[in-house]
Amino acid sequence: LAKAGAGGVYVVDITRESAQKVAASLPSLVTHQPNNYFRCDFGVADVGNENDIKRVIYDAWKSFGRQIDVFFSNAGIMTMGGVDDVSNEQWEKIWNVNVMSHVLLLVTYFPYGGVTRIDKVVSDQQKARKKRECL
């Protein structure tokens, strides 16, 4: 998104260190903005947790002046092994992150559309699909 012309990006990850590292790396990719203006911020959330989702969407919305033009979601987890090797707790976490997080992110995100301009919503699970070992 930074290379493609975004004026800013809000990065979310489950750990502060990861989110901050990605956010810090993005401004160096930007050469398209006048005076190389690019704004980047980050938040920390477990996207398998509905309250974290609500908080981080609101924080991103506030951080960028109540405008989110593109919403890109690519959260996904996997576990190694066969179906019978996965506990019920692991299945629940996989379901919450790989499926429900995308649903909850959209459900939480769209009410901000009444105040913001929404151009695109993208959900990408390509990395998870490429792994043959995943469930």
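Predicted, not measured: the structure shown is a model, and the values here were computed from it. If you read the sequence from its start, that first residue is 1, and numbering goes on from there.
When atom types are taken as modelled, the side chain of Q20 and the backbone of E17 share no donor-acceptor pair closer than 3.5 angstrom. Formation of a donor-acceptor pair under 3.5 Å by the H102 side chain with backbone atoms of N74 is not found in this model. Formation of a donor-acceptor pair under 3.5 Å by the D85 side chain with backbone atoms of G82 is found in this model.
Annotation: side chain of I94 is in contact with side chain of I77 (closest heavy-atom distance under 4.5 Å). Under the 4.5 Å side-chain criterion, counting only non-hydrogen atoms from C-beta, E92 is in contact with N96. Side chains of D46 and K93 form a contact here, defined as non-hydrogen atoms less than 4.5 Å apart. Counting only heavy atoms from C-beta outward, the side chains of K62 and Y58 approach each other to under 4.5 Å. With contacts defined as side-chain heavy-atom distances shorter than 4.5 Å, the pair F42/V9 does not qualify.
Relative to the ring axis of F64, R39 places its NZ or CZ within 45° and under 6.0 Å from the centre.
V47 approaches S101 most closely through the heavy-atom pair O-CB, 3.0 Å. Of all the heavy atoms in S63 and D41, the pair that sits closest is OG-OD2, 2.8 Å. Heavy atoms only, all atoms of each residue included: C40 and L26 are closest at SG-CD1, 3.8 Å. Taking every heavy atom of both residues into account, Y10 and G43 meet most closely at OH-CA, 3.5 Å. Counting all heavy atoms, side chain and backbone alike, A45 lies closest to V12 at CB-CG1, 3.8 Å.
Between atom CG of residue L104 and atom CD1 of residue I53 there is a gap of 4.5 Å, rounded to the nearest 0.5 Å. Between N49 atom CG and R55 atom CZ the span is 8.5 Å, to the nearest 0.5 Å.
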Is there a side-chain contact (heavy atoms from CB on, under 4.5 Å) between I14 and V44? Walk through the geometry before answering. CA-CA 5 Å; I14 196 164; V44 178; 5.9 Å; no
Run I57 and L105 through side-chain contact (heavy atoms from CB on, under 4.5 Å) and show every step you take. CA-CA 8 Å; I57 291 288; L105 284 162; 4.0 Å; yes
Going through the distances and angles, do W91 and T79 end up as a side-chain contact (heavy atoms from CB on, under 4.5 Å)? CA-CA 9 Å; W91 276 116; T79 187; over 6 Å; no
